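Only a predicted model underlies this, so the values are computations on that prediction, with no experimental measurement involved. Order of the sequence lines fixes the chain letters, A, B, ..., with proteins taken first and strands second; residue numbering starts at 1 for each chain.
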Amino acid sequence: MKPQMKNEIDTHIRFNNWAPSLVGWYRRVKRDLPWRRSKCAYAIWVSEVMLQQTQVITVIPYYQRFMERFPDVFALAGASEEEVQELWRGLGYYSRARRLWEGARYVVRTTGGRMPEDFASLLMIPGVGEYTAGAIASIAYGECVPAIDGNVKRVLSRLLRWEEDVDKAKSYRFFLEYIKIVLPADCPGDFNQGLMELGATVCTPKNPKCELCPLQVDCQGYSLGNPTVYPVKKSREKVKEVLRPTLILVCEGRVLLKKRPSEGLLANLWEFPGEELILDSLADYSWYDLYKTQVIDRSYDEIVEELLQAKTNVQGPLVHTFSHRRWQMYWVVLNLDAGQSLDVHNSEQTIRESSSDYLGSEDRTCWLDVSQLERIALPVAFQKIWSTATGITESVSNSC
DNA sequence: AAAACGGGGAC
DNA sequence: GTCCCAGTTTT
């Protein structure tokens with residue numbers, strides 16, 4: 001540690017022996033959460049990955065379904081990515097699911113399925129970073145290592161009146177060294193969880209319940225009067241505006257789906273064919289060109305062209321916001337039933353088998369029975385389009 | 001050091 | 001609408 005940082009820490013440390021207060025408080029009030037009923041490293045791992053950037057209340061049902069289906073690292077490693085993504089649908093940050101799955105396969109491949117039992121070994125698992133490795137090591141194995149997440153940074157920034165942007169690397173390094181000093185060797189798991197539990201239930205971003213805080217007398221932010229000026233955040237994100245024309249091709253109770261690329265946004269998930277456009281409007285947009293570039297099978301060209309010429313009923317917009325991008329979604333519904341019979345060489349069976357490796361395969365499209373839409377990994381954005389489109393369709397047919 | 005990566009809960 | 005959540009990887 002740099003001497004400068006040591007001095008910085010010393011200036012922040014009073015006679016603080018607040019760790020026992022925190023641990024005592026945690027043991028008294030901790031919530032009864034599914035993953036806290038297990039000391040199994042795999043169970044902790046699954047919960048920690050799900051809890052990345054996701055609130056406890058959202059995770060609980062996903063965690064229970066996941067552990068029921070994949071009770072151990074063998075079960076997860078033996079599954080297909082498609083199957084894992086189906087259980088993850090709606091949870092977001094889908095690369096987490098793929099990395100967890102890859103991590104399970106890594107563990108089975110390298111150790112035969114025995115979970116690594118120390119921080120450094122856990123850190124080698126793909127998808128496991130410093131936080132997750134620290135959480136598993138301290139909670140499952142009692143190893144004396146920090147686990148610093150957003151909650152911990154918020155609590156410490158208030159406790160110590162940390163004036164710098166908490167998202168900077170320097171802040172993380174400081175919190176890391178500080179925690180190493182105050183971390184109790186006999187109960188690192190409860191200490192780490194206590195800090196996170198405090199951030200989640202008492203030292204909240206807005207309206208912190210300082211009257212319930214076990215660290216109130218130690219808290220410099222509280223003594224200042226307004227702890228919510230911390231944490232200081234300067235980082236600011238700009239949201240990109242993007243148009244998203246989408247094709248809903250329906251035939252004989254099936255709808256055309258396409259598998260997204262294996263990298264980037266919503267990787268390997270299903271979508272209705274379409275593209276992203278950085279334009280101001282869809283004026284003069286050629287939906288037929290979109291169809292020609294997105295659908296490789298040329299069997300439907302004639303009827304699609306006919307339908308688009310007859311009356312291109314563009315619907316939308318429907319807005320869907322990601323953390324860094326906003327889609328303005330427009331779509332056309334094309335019913336091909338009047339045309340030739342559907343080529344059903346692709347079906348639900350194909351989806352399951354085609355899950356993991358599409359590299360080298362040119363046609364990523366597939367006809368799926370509409371009743372199966374709720375069972376596959378279809379991102380929320382496209383669920384929204386589908387429910388809106390079918391809702392409108394039904395109301396129109398009802399009114400006719 | 002900064003950007004990419006989702007969705008939902010809370011207000 | 002806004003903010004933010006038991007973060008990791010890639011550039």
Atom-pair distance (OH on Tyr62(A); C1' on dG6(B)), nearest Å
11 Å

Can the positive tip of Arg326(A) be found less than 6.0 Å from the middle of the six-membered ring of Phe322(A), inside 45° of the ring normal?
no

Under 3.5 Å, is there a donor-acceptor pair between the Ser262(A) and Asn268(A) side chains?
no

Any cation-pi pair here, Arg37(A) with Trp35(A), using under 6.0 Å and within 45°?
no

Quiz item: cation-pi between Arg260(A) and Phe272(A), 6.0 Å / 45°
no

Where the side chain of Tyr94(A) is concerned, which of dG7(B), dG8(B), dA4(B) is the nearest nucleotide?
dG7(B)

Taking only side-chain N and O atoms of Lys240(A), does any of them lie within less than 4.0 angstrom of OP1 or OP2 on dA3(B)?
no

Taking the same atom, P, in dG6(B) and in dT11(C), what whole-Å distance lies between them?
15 Å

Check the distance between dG7(B)'s C1' and Met50(A)'s CE and give it to me in whole angstrom.
14 Å

When you compare the side chains of Thr246(A) and Arg244(A), does any donor N or O come within less than 3.5 Å of an acceptor on the partner?
yes

With sequence neighbours excluded, what pairs up with Arg31(A) under the salt bridge (Lys or Arg N to Asp or Glu O under 4.0 Å) test?
Glu197(A)

Protein-nucleotide distance (Asp167(A), atom CG; dA2(B), atom P), rounded to Å
10 Å

P atom, dA3(B) versus dA6(C): distance in rounded Å?
24 Å

Mind calculating the distance between CG (Asn207(A)) and C1' (dC11(B)) to the nearest angstrom?
9 Å

May I ask you to say what Ala135(A) touches in the nucleic acid, namely base, sugar-phosphate or nothing, with a heavy-atom cut-off under 4.0 Å?
nothing

Check whether any side-chain N or O of His320(A) sits under 4.0 Å from OP1 or OP2 of dG7(B), and answer yes or no.
yes

My understanding is that only residues two or more places apart in sequence, or in another chain, count here; which of them pass salt bridge (Lys or Arg N to Asp or Glu O under 4.0 Å) with Asp186(A)?
none

Separation of dG7(B) P from Leu318(A) CG (nearest whole Å):
13 Å

Under 4.0 Å protein heavy-atom contacts per nucleotide of nucleotides 1-11 of chain C, with B for base, S for backbone only and - for none:
---SBBBSS--

Reading DNA chain B from 5' onward, which residue's closest nucleotide shows up sooner: Ala169(A) or Leu378(A)?
Ala169(A)

Can you see if the side chain of His324(A) gets near the phosphate of dC5(B) - specifically, an N or O under 4.0 Å from OP1 or OP2?
yes

Remember a base hit wins even if backbone is also touched, and classify Leu265(A) as base, sugar-phosphate or nothing at under 4.0 Å, heavy atoms.
sugar-phosphate

